[in-house]
Amino acid sequence: MDDIAADPSHPRYASLLMRHRLEVAAKKGMLADSAMIAHGRGEAFDYLLGERTTDSALRASRQALAALQAAQRPVLSINGNVAALACDEMLRLANVLSCPVEVNIFYRTPERMEAILGHINERKAALSLDVAVLGDAPDAHIPGLKGPRAACHREGILESDVILVPLEDGDRCNALVAMGKTVIVIDLNPLSRSAQQGSITIVDELSRALNTMLAVAADEGQVDLDEAYDHQAVLNEGLAEMLSALKQP
Ligand code: ATP
């Protein structure tokens with residue numbers, strides 16, 4: 001899938017690979033104009049984390065997986081950046097959970113929707129996965145949101161009880177929480193509105209978080225929910241990890 005010139009032994013290879021994926025996606029018309037800015041904000045926080053999965057992120061990923069496995073109607077939401085950066089991982093996770101993915105984007109245009117859906121369906125065929133891909137025919141609205149970004153599928157996002165929304169904006173995250181859903185956020189910025197408002201927030205880079213969930217599911221199968229899980233405490237630990245990096249001599 002990736003035709004990148006950089007050498008895998010380059011210390012910044014993973015970061016270069018993600019940038020390359022965004023460049024390719026931009027050329028395909030999958031991204032909003034602000035996509036690179038959102039990515040840059042994430043990269044800055046990842047630098048402070050040392051580009052690694054922390055203990056608190058691992059705990060959050062395990063709790064997220066447990067919540068998705070325990071759900072009656074789980075769904076994985078995909079926007080342009082997510083489709084560009086981690087399409088295969090999202091499809092694999094949906095396959096493991098036997099749930100749909102739904103394309104749901106902030107700046108909805110028919111062209112962008114078509115480009116993103118085309119990319120996802122191409123990867124789904126390449127991976128030979130039997131995953132329902134929703135988004136092309138929305139028949140419902142997320143209450144509390146205005147305009148095209150509220151559009152969603154009844155059988156997907158609207159009726160879901162647990163929803164994974166990586167790299168989500170604060171307004172939509174808030175609207176989903178207000179609907180009473182368990183909202184799982186993946187966001188490198190522990191201070192963002194989405195990270196704060198989500199039910200479970202994984203402060204980790206998108207593909208690392210998804211690969212953690214896939215690895216735990218493969219190794220352990222069904223994971224138990226941690227009844228003592230404390231969302232705010234886990235977020236604070238993520239922030240503390242970043243601040244401790246600043247204190248190094
Ligand atoms: P909010 O509206 O929630 O306060 P925001 O305005 O910063 O946040 P957006 O710009 O809509 O949010 O979304 C980008 C968010 O995604 C940022 O918080 C950024 O840190 C995060 N992010 C970007 N790339 C990645 C990535 N690869 N992995 C994880 N998080 C990322």
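Scope of the values below: all heavy atoms of this structure, side chains included, with no hydrogens, waters or symmetry mates.
Between the side chain of Lys28 and the main chain of Ala115, no donor-acceptor pair closer than 3.5 Å is present. Judged by distance alone, with hydrogens and angles left aside, the side-chain atoms of Lys181 form a donor-acceptor pair with the main-chain N or O of Ser160 at under 3.5 Å. Judged by distance alone, with hydrogens and angles left aside, the side-chain atoms of Thr109 form a donor-acceptor pair with the main-chain N or O of Arg112 at under 3.5 Å. Looking at His119, its side chain never comes within 3.5 Å of a backbone N or O of Ala84 through a donor-acceptor pair.
Each of Asp169, Asn174, Asp171, Asp187 was checked for a side-chain hydrogen bond (donor to acceptor under 3.5 Å, both in side chains) with Arg193, and the lone residue meeting it is Asp171.
What you find for Gln69 and Gly221 is that their closest heavy atoms are NE2-O, 3.0 Å. Looking at every heavy atom in both residues, Glu168 comes nearest to Cys173 through CG-N, 4.0 Å. Here the closest heavy-atom approach between residue Arg208 and residue Asp46 is recorded as NH2-OD1, 2.7 Å. Across every non-hydrogen atom of Val162 and Ala67, the tightest pair is CG2-O, 3.8 Å. Taking all atoms of both residues into account, the shortest heavy-atom contact from Ala83 to Ile116 is CB-CG2, 3.8 Å. The nearest pair of heavy atoms linking Asp161 to Arg73 is OD1-N, 2.8 Å.
Inspection of the Ser194 and Ser192 side chains reveals no N or O donor paired with an N or O acceptor under 3.5 Å. Side chains of Asn104 and Ser77: a donor-acceptor N/O pair is absent below 3.5 angstrom, by distance only.
The number of heavy atoms from other shown groups lying within 6.0 Å of CG (Asn236) is above 12. Atom CD of Glu114 is surrounded by 12 or fewer heavy atoms from other residues, nucleotides or ligands within 6.0 Å. The 12-atom threshold is exceeded at CG of Asp219, counting heavy atoms of other residues, nucleotides or ligands nearer than 6.0 Å. The neighbour count for Gln232 CD, taken as heavy atoms of other residues, nucleotides or ligands under 6.0 Å away, is above 12. Within a 6.0 Å radius of CZ in Arg149, more than 12 heavy atoms belonging to other residues, nucleotides or ligands are found.
Taken together through direct or relayed side-chain contacts under 4.5 Å among Ile, Leu, Val, Met, Phe, Trp and Tyr, Leu134 and Val103 form parts of separate hydrophobic clusters.
A salt bridge is defined here as a Lys NZ or Arg NE, NH1 or NH2 lying under 4.0 Å from an Asp or Glu carboxylate O, and Glu241 with Arg52 meets this definition.
Taking OG of Ser244 as the reference point, atom CD of Glu237 lies at 11.5 Å (rounded to 0.5 Å).
Side-chain atoms of Met179 and Leu158, non-hydrogen and from C-beta on, do get closer than 4.5 Å to each other.
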